[in-house]
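Report on the structure given below.
Quick note: residue numbers are just sequence positions, from 1.
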Amino acid sequence: MRKAVIAILFVLFATTSVVAQYNRDYFFYVGRMQMMNNEFSEAIRTLNILLRFDEEAYEGYFLRGIAKYNLDDLLGAEADFTTAIEKNPVFTTAFTYRAITRSRLGNYDDALADFREAIELRPDLPNPYYSRGVTRLLNQQFEEAIEDFDNFIRYEKKVADAYINRGVCHLYLKDTVRAYADFDRGIRTNRESPTGYNRRGVLLMQQNRFEEAERDFDMAVKCDSMLPMSYFNRALVYNETNRPMQSLSDLDRVIKLDSTSMISYFNRAIIRSRIGDYNRALDDYNKVAHHSPDNVLVYYNRALLYQQLGEIERAKDDYTKAIELYPDFANAYLGRSYLRHLLRDYKGSRNDKEIAERKIAEYKSRLNDTTYSIYADTTRRFNKLLSFESKLAGSSFERITSRRARNEKMALLPMFKFTFTADSVAQTATAKRFHSQRAEDFIESINNPLLAISCGESTLAPDSLVAINRRLKESVKSGKRSFAELFQLAISESLVKQYTNAVNTYTAAIKASPTNPFVYLNRATTQADMIDFISSIDNAYQRISIESDPARQLHNRTTRTYNYDEAIADLTKAISLHSGFAYAYYNRANLQALSGRLPEAFDDYTKAIKLNPNFAEAYYNRGLIQIYMKDTRKGCLDISKAGELGIEEAYEVLREYSQQ
């Protein structure tokens with residue numbers, strides 16, 4: 001049938017130009033019908049034929065742009081909307097759709113300019129106000145977004161999403177009264193949509209109004225029985241109101257609808273453990289551990305479960321795994337201490353207890369430091385259910401691009417530091433990219449063939465790293481406290497994730513050599529690594545996102561801010577001592593980005609590139625920063641340059657943007 005339609009179109013165009021002009025409306029009709037039937041590829045082919053014979057048909061470019069938009073070819077759609085506007089500079093709808101497309105591309109500044117143009121052309125049309133409101137919400141301009149939704153609602157009072165989105169803005173502004181009123185109005189406007197019930201229910205749940213929240217989630221399930229979010233939310237309410245069997249039933253339904261929901265398995269394991277269903281809880285923890293092997297809480301909670309089952313050795317192994325992942329986890333040391341005592345390993349038990357007490361003392365001395373680990377707080381419970389948006393694994397380097405789900409794999413490339421590695425090829429490649437005679441002289445003065453500057457993981461085996469750390473620790477204990485010994489010990493402590501010890505050792509090294517820029521560089525990266533690890537597991541109870549059509553994609557997330565100021569101060573000190581060291585600017589740019597100071601990050605990446613025009617990692621990260629700052633095109637150019645210089649991840653990012 002598809003071939004027949006195309007054949008007919010070619011026959012029609014084979015006639016005289018007068019007949020072709022006469023059938024112009026027919027091709028628009030065919031194209032529109034194909035789009036209404038979701039036959040977007042066929043519609044594009046039909047419109048291509050039309051535009052080949054009538055290059056001035058601006059409506060044809062507009063329709064083809066819509067078809068491309070629906071096929072997620074956003075760059076192609078933007079180009080077609082732009083052509084339509086060039087052919088007809090007062091084409092209001094083309095401005096609106098190009099703005100929506102640019103919003104999806106993250107290019108909010110140009111999107112807002114297009115919305116402004118559309119509204120100036122036709123201030124009486126309501127839709128541009130709504131779409132601009134969504135864009136401003138995504139751009140965190142909440143007060144301006146509320147104003148746009150107000151304007152839209154003056155014209156259109158029966159669109160539930162307008163009230164719900166305005167309510168989200170009020171939530172961001174911490175006005176829960178107005179947020180509740182808007183969610184309520186959205187529900188009354190459309191009682192068949194689960195979105196409003198879920199939004200209002202989550203707000204009620206946060207206010208401990210569980211009975212009302214449950215009624216909302218019941219209605220959400222009734223409206224759409226295939227939406228996992230509604231069941232998950234209701235499971236949280238059941239859990240908070242001590243109804244574990246109902247909670248388990250809803251989590252079972254979530255897993256049936258989405259078998260990849262690890263957060264549901266994790267929560268179900270917690271509840272099963274509480275009611276004594278230990279074997280099935282263990283099955284759930286095993287599944288989560290398989291898919292999220294780097295999460296501390298999974299091993300810590302499973303250790304408690306093994307302990308309940310009397311499997312002491314397995315419980316001890318899980319505590320050990322938790323400690324390997326995060327050596328500052330005081331609770332895990334206490335748990336293992338107890339088990340070692342049961343196993344008559346009194347020396348090991350006493351050693352674990354002493355370590356835990358030291359971690360707790362360090363924690364208490366830093367109570368005002370919000371970046372310090374919550375996992376040294378022995379009063380904290382870690383078997384609380386996590387929310388729908390929580391992740392069981394992640395990196396703080398991912399937070400920079402986490403606004404949209406597709407960006408989660410686009411992480412900043414990590415920082416450079418002096419480390420131990422056996423990868424001489426990588427060392428040589430790094431040396432070719434950036435030459436610092438001062439750094440090379442420093443490495444030579446340390447006189448360790450394993451020492452190199454790298455942004456990658458050490459290629460040494462874990463056992464080798466532990467052995468190196470033990471040897472250096474014994475050397476320092478025996479009285480060899482030279483700068484070189486302290487510096488190497490600090491590197492080894494960082495590599496085995498003894499972050500607190502590493503920071504302290506770097507501080508001792510700084511006292512020994514206060515004008516050495518490289519020790520400040522490494523202390524900064526260690527502080528950042530510690531925060532990075534903490535943040536990867538400190539992510540519970542984020543708010544739930546709403547995803548409707550792409551133009552309305554909303555992510556209402558609350559994120560905890562981590563304080564990198566001390567690490568940034570160290571890098572600033574390193575720069576003052578060695579202003580030509582490109583890696584120091586690059587590292588500081590990373591931390592500026594993670595602190596939310598994107599313009600400052602951009603400036604530091606630019607300085608690093610000026611010092612080293614072939615700094616591939618700096619181009620890549622600067623590209624991501626520009627994309628996040630809505631300058632998608634310039635960002636992609638930087639990422640393209642990074643690809644030319646050898647960063648393989650660059651083409652993955654460019655492919656993402658070409659397939660939107």
Evaluation steps, side chain to side chain contact (heavy atoms under 4.5 Å, CB included), between F40 and Q34: CA-CA 7 Å; F40 300 114; Q34 288 170 329; over 6 Å; no
Closest non-hydrogen atom pair between L325 and P293, with its separation: CD1-O, 4.1 Å
Shortest non-hydrogen contact between D216 and G201, atoms and distance: OD2-N, 3.5 Å
Interatomic distance, E59 atom CD to T93 atom OG1 [nearest 0.5 angstrom]: 11.0 Å
Steps toward side chain to side chain contact (heavy atoms under 4.5 Å, CB included) verdict (D114, F81): CA-CA 11 Å; D114 276 347; F81 294 140; over 6 Å; no
Shortest non-hydrogen separation from L591 to S595 and the atoms involved: O-OG, 2.8 Å
Min side-chain heavy-atom separation D283-Y278 under 4.5 Å: no
Nearest non-hydrogen partners of M205 and F210, listed with the distance: O-CE2, 3.7 Å
Heavy-atom pair of closest approach, residues A322 and F329: CB-CD1, 4.4 Å
Side-chain donor or acceptor of Y163 paired with backbone N/O of K157 under 3.5 Å: yes
Side-chain (N286) to main-chain (L282) donor-acceptor, under 3.5 angstrom: yes
With sequence neighbours excluded, residues passing salt bridge (Lys or Arg N to Asp or Glu O under 4.0 Å) with R191: none
Under-4.0 Å salt bridge between R98 and E78: no
Crowding at CD, E212 (>12 non-hydrogen neighbours, <6.0 Å): yes
Results of salt bridge (Lys or Arg N to Asp or Glu O under 4.0 Å) for D109 - residues two or more places apart only: none
Geometric cation-pi criterion R32 and F62, 6.0 Å radius, 45° cone: no
Point-to-point distance, once rounded to the nearest 0.5 Å, from CD1 of I119 to CG of L112: 9.5 Å
Pairwise side-chain contact, N190 with S193, heavy-atom cut-off 4.5 Å (strictly under): yes
R274 versus N239, side-chain donor and acceptor atoms under 3.5 Å: yes
F95 CZ: over 12 foreign heavy atoms closer than 6.0 Å: yes
Rounded distance [0.5 Å steps], CD1 in I146 versus CG in N151: 12.5 Å
Within-4.5 Å side-chain heavy-atom neighbours: S103 and L138: yes
E42 backbone acceptor or donor facing T46 side chain under 3.5 Å: yes
Parallel, tilted or perpendicular: rings of Y155 and Y129 (30°, 60°): parallel
I275 side chain reached by M245 side chain, heavy atoms, under 4.5 Å: yes
Modelled atom types, side-chain donor and acceptor of N590 and N621, under 3.5 Å: yes
Between CG on residue N198 and CZ on residue R234, distance to nearest 0.5 Å: 11.0 Å
Note, L71 side chain near S41 side chain (heavy atom, < 4.5 Å): yes
Pairing residues for E214 by the salt bridge (Lys or Arg N to Asp or Glu O under 4.0 Å) criterion, not counting sequence neighbours: R243
Derivation and outcome, side-chain hydrogen bond (donor to acceptor under 3.5 Å, both in side chains), residues D161 and T195: CA-CA 8 Å; D161 281 347; T195 302; 5.1 Å; no
Flag if over 12 foreign heavy atoms under 6.0 Å of CZ, R178: no
Pairing residues for F152 by the ring-ring contact (aromatic ring centres under 6.0 Å, His included) criterion, not counting sequence neighbours: Y130
Check against side chain to side chain contact (heavy atoms under 4.5 Å, CB included), Y231 and S225: CA-CA 9 Å; Y231 294 103; S225 62; 3.7 Å; yes
Contact list for residues 263-273, test salt bridge (charged side-chain N to carboxylate O under 4.0 Å, His left out), sequence neighbours left out: D252-R268, R268-D284, R272-D284
Lys/Arg-Asp/Glu bridge criterion (N-O < 4.0 Å) met for R280, D277: yes
Gap between atom CZ of F149 and atom SG of C169 - 0.5 Å precision: 5.0 Å
Side-chain touch I85/T83, heavy atoms, less than 4.5 angstrom: no
Nearest heavy-atom neighbours spanning A179 and L171: CB-CG, 3.7 Å
Salt bridge (charged side-chain N to carboxylate O under 4.0 Å, His left out) assessment of D184 paired with R188: CA-CA 6 Å; D184 187 61; R188 285 188 280 115; 3.2 Å; yes
N/O donor-acceptor pair under 3.5 Å between D224 side chain and A220 backbone: no
Any donor-acceptor N or O pair under 3.5 Å, side chains N37, E39: no
Criterion ring-ring contact (aromatic ring centres under 6.0 Å, His included) on Y97 and Y69, from CA distance to verdict: CA-CA 9 Å; Y97 274 81; Y69 179 93; 7.2 Å; no
Whether Y58 and F91 hold their rings parallel, tilted or perpendicular, with breakpoints at 30° and 60°: perpendicular
4.5 Å side-chain heavy-atom contact, I153 and R166: yes
Check: T189 side chain, A160 main-chain N or O, donor-acceptor pair, under 3.5 Å: no
Interatomic spacing from OG1 in T135 to CZ in R102 - rounded to 0.5 Å: 12.0 Å
Verdict with supporting geometry, D110 and N107, side-chain hydrogen bond (donor to acceptor under 3.5 Å, both in side chains): CA-CA 6 Å; D110 287 340; N107 187 1; 2.8 Å; yes
N295 side chain vs L297 backbone, donor-acceptor pair below 3.5 Å: yes
Heavy-atom side-chain proximity of F266 to N301 below 4.5 angstrom: yes
T241 side chain vs Y238 backbone, donor-acceptor pair below 3.5 Å: yes
Sequence-distant partners of D148, salt bridge (Lys or Arg N to Asp or Glu O under 4.0 Å), two or more places apart: R132, R136
Evaluation steps, side chain to side chain contact (heavy atoms under 4.5 Å, CB included), between N331 and Y300: CA-CA 9 Å; N331 292 61; Y300 179 77; 3.6 Å; yes
